[in-house]
There are 2 protein chains.
Amino acid sequence: MQDFEKILENNNVKPTAMRLLVLQFLLNKKVATSLTDVENYFDKSDRTTLYRTLKTFVEKGISHKIDDGTGITKYALCEENCHCEIDNDLHLHFHCTNCNETICITDYKIPRITLPTGYIAENINLVVKGICDKCNKK
Amino acid sequence: MQDFEKILENNNVKPTAMRLLVLQFLLNKKVATSLTDVENYFDKSDRTTLYRTLKTFVEKGISHKIDDGTGITKYALCEENCHCEIDNDLHLHFHCTNCNETICITDYKIPRITLPTGYIAENINLVVKGICDKCNKK
DNA sequence: TTGAAGTATGCAACAGAAGTGCATTATTTT
DNA sequence: AAAATAATGCACTTCTGTTGCATACTTCAA
């Protein structure tokens, strides 16, 4: 409990009840989570509050935003070894078309990309779609 | 004109007036195009018709669908040297955050990705965001 | 400790994109 | 020409993301 509060406070986010719950939820869920996912879990709370909570988390560097190509924004608290949070950093996400989950694959490193002259890369997003580990076993 | 009809017929799509116009539009526009783009261009026609026209093009292999991470589905008829259309093929798209255009970069080849055991890749989507050629010159 | 200022929350509402159902129109086939 | 099939256009729904505004809750200074 104390830990969660520390995470928020360290990032200049006031630890309200809702924020603690959302943080806890994201920490438990290891996969990228959509606003709707969070909404369904906390069916008592308001969409907007959750939306703004997630937005705050992203702004304050607690969570990051993922475009997994499904058209639905995902959020994820990355683990220590995940380099998803900074600018030109590597982003490899796996989206399972069966269970619809988006997983952060931290092992794979994206090689440097040489763009045609004149192009400036600010951000790289690599999404692999297919069948994940769990679904494959079934 | 005949050429356009051939393209459609070769892919088992009946060449209606609307479809020919949309095809022509996509051919002229070298960048990835959203439904709204098409809609704005043909302001007389109905959204649904255009939506279904694009859907048909994708289904019949004339065009392909692009997830460029903006949350808006884009469509593009790729040129001969673009390998965007089949299964495990390379997809490199550049999305310019300035002019908001999504460009198919055919020169860059995506290296084979080794996923953790159990994962099956069906599709790879690599989107680089930044400033494009044209915007850079300005 | 009260009151003001600041922040968070919840409700309502809106915008844009995607998608469906159905009736109408056009095209093809027999 | 009639029947069957396909395309189109309209209306409407759903879902995600987002903003505005009023209310509630904190914090902090007088």
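Each chain gets a letter, A, B and so on, in the order the sequences are listed, and its residues count up from 1.
- When heavy atoms are screened at a 4.0 angstrom cut-off, B:T36 is found touching the sugar-phosphate backbone but no base atom.
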Polar atom pairs between nucleotides 6-10 of chain D and protein, under 3.5 Å, N or O only, would you list them?
unit_1	atom_1	unit_2	atom_2	d
D:dA7	OP1	B:R19	NH1	2.7
D:dA7	OP1	B:R19	NH2	3.0
D:dT8	OP1	B:T16	OG1	2.8
D:dG9	OP2	B:S45	OG	3.4
D:dG9	OP2	B:T49	OG1	3.0
D:dG9	O6	B:R52	NH2	2.5
D:dC10	N4	B:T48	OG1	3.1

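- What separates CG of A:L20 from C1' of D:dC25 is a distance of 15 Å, to the nearest Å.
- For A:Y41, the OH atom sits in a loose shell: 12 or fewer heavy atoms of surrounding residues, nucleotides or ligands are nearer than 6.0 Å.
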Verdict with supporting geometry, B:K129 and A:I124, side-chain contact (heavy atoms from CB on, under 4.5 Å): CA-CA 6 Å; B:K129 293 193 185 184; A:I124 298 171; over 6 Å; no

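- Per the geometry, CG belonging to B:N12 stands 18 Å off P belonging to D:dT5, to the nearest Å.
- In the hydrophobic clustering of this structure, B:I131 does not group with B:V127; members are Ile, Leu, Val, Met, Phe, Trp, Tyr whose side-chain heavy atoms approach within less than 4.5 Å, directly or through other members.
- One interatomic measurement links the two molecules: CD of A:E59 to C1' of D:dT18, which rounds to 13 Å at whole-angstrom precision.
- You'll find a donor-acceptor pair under 3.5 Å spanning the side chain of A:R47 and the base of D:dG17, going by distance alone.
- In this structure, NZ in A:K74 is found 3.5 Å from CG in A:D68, a value given to the nearest 0.5 Å.
- Taking for each of B:K55 and B:I72 the nucleotide of DNA chain C with the nearest heavy atom, the 5'-most of the two is the partner of B:I72.
- The line from CD of B:E101 to CG of B:D133 is 11.0 Å long, rounded to the nearest 0.5 Å.
- The separation between A:L8 atom CG and C:dA8 atom C1' is 13 Å, rounded to whole Å.
- Contact annotation: A:Y51 reaches the phosphate of D:dT18 (side-chain N/O to OP1 or OP2, under 4.0 Å).
- Contact between A:C132 and A:C99 at its shortest, heavy atoms only, is SG-SG, 3.9 Å.
- Distance A:L50 CG to C:dA8 P: 15 Å, rounded to the nearest Å.
- Counting to the nearest Å, the C1' atom of C:dT27 and the CD atom of B:E9 are 14 Å from each other.
- For B:Y119 and A:F94, the distance between ring centers is under 6.0 angstrom.
- The interatomic distance linking A:K65 (NZ) with D:dT16 (P) rounds to 15 Å, in whole Å.
- Heavy atoms of other residues, nucleotides or ligands lying less than 6.0 angstrom from CZ of A:F25 number more than 12.
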Between B:H95 and B:T102, is the side-chain hydrogen bond (donor to acceptor under 3.5 Å, both in side chains) condition met? List the steps. CA-CA 4 Å; B:H95 176 75; B:T102 299; 3.0 Å; yes

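- Stem list for DNA chain D (at least 3 consecutive Watson-Crick or G-U pairs, distances under 3.5 Å): C:1-30 with D:1-30.
- Across the protein-nucleic acid pair, A:D67 atom CG and C:dA17 atom P stand 16 Å apart, rounded to whole Å.
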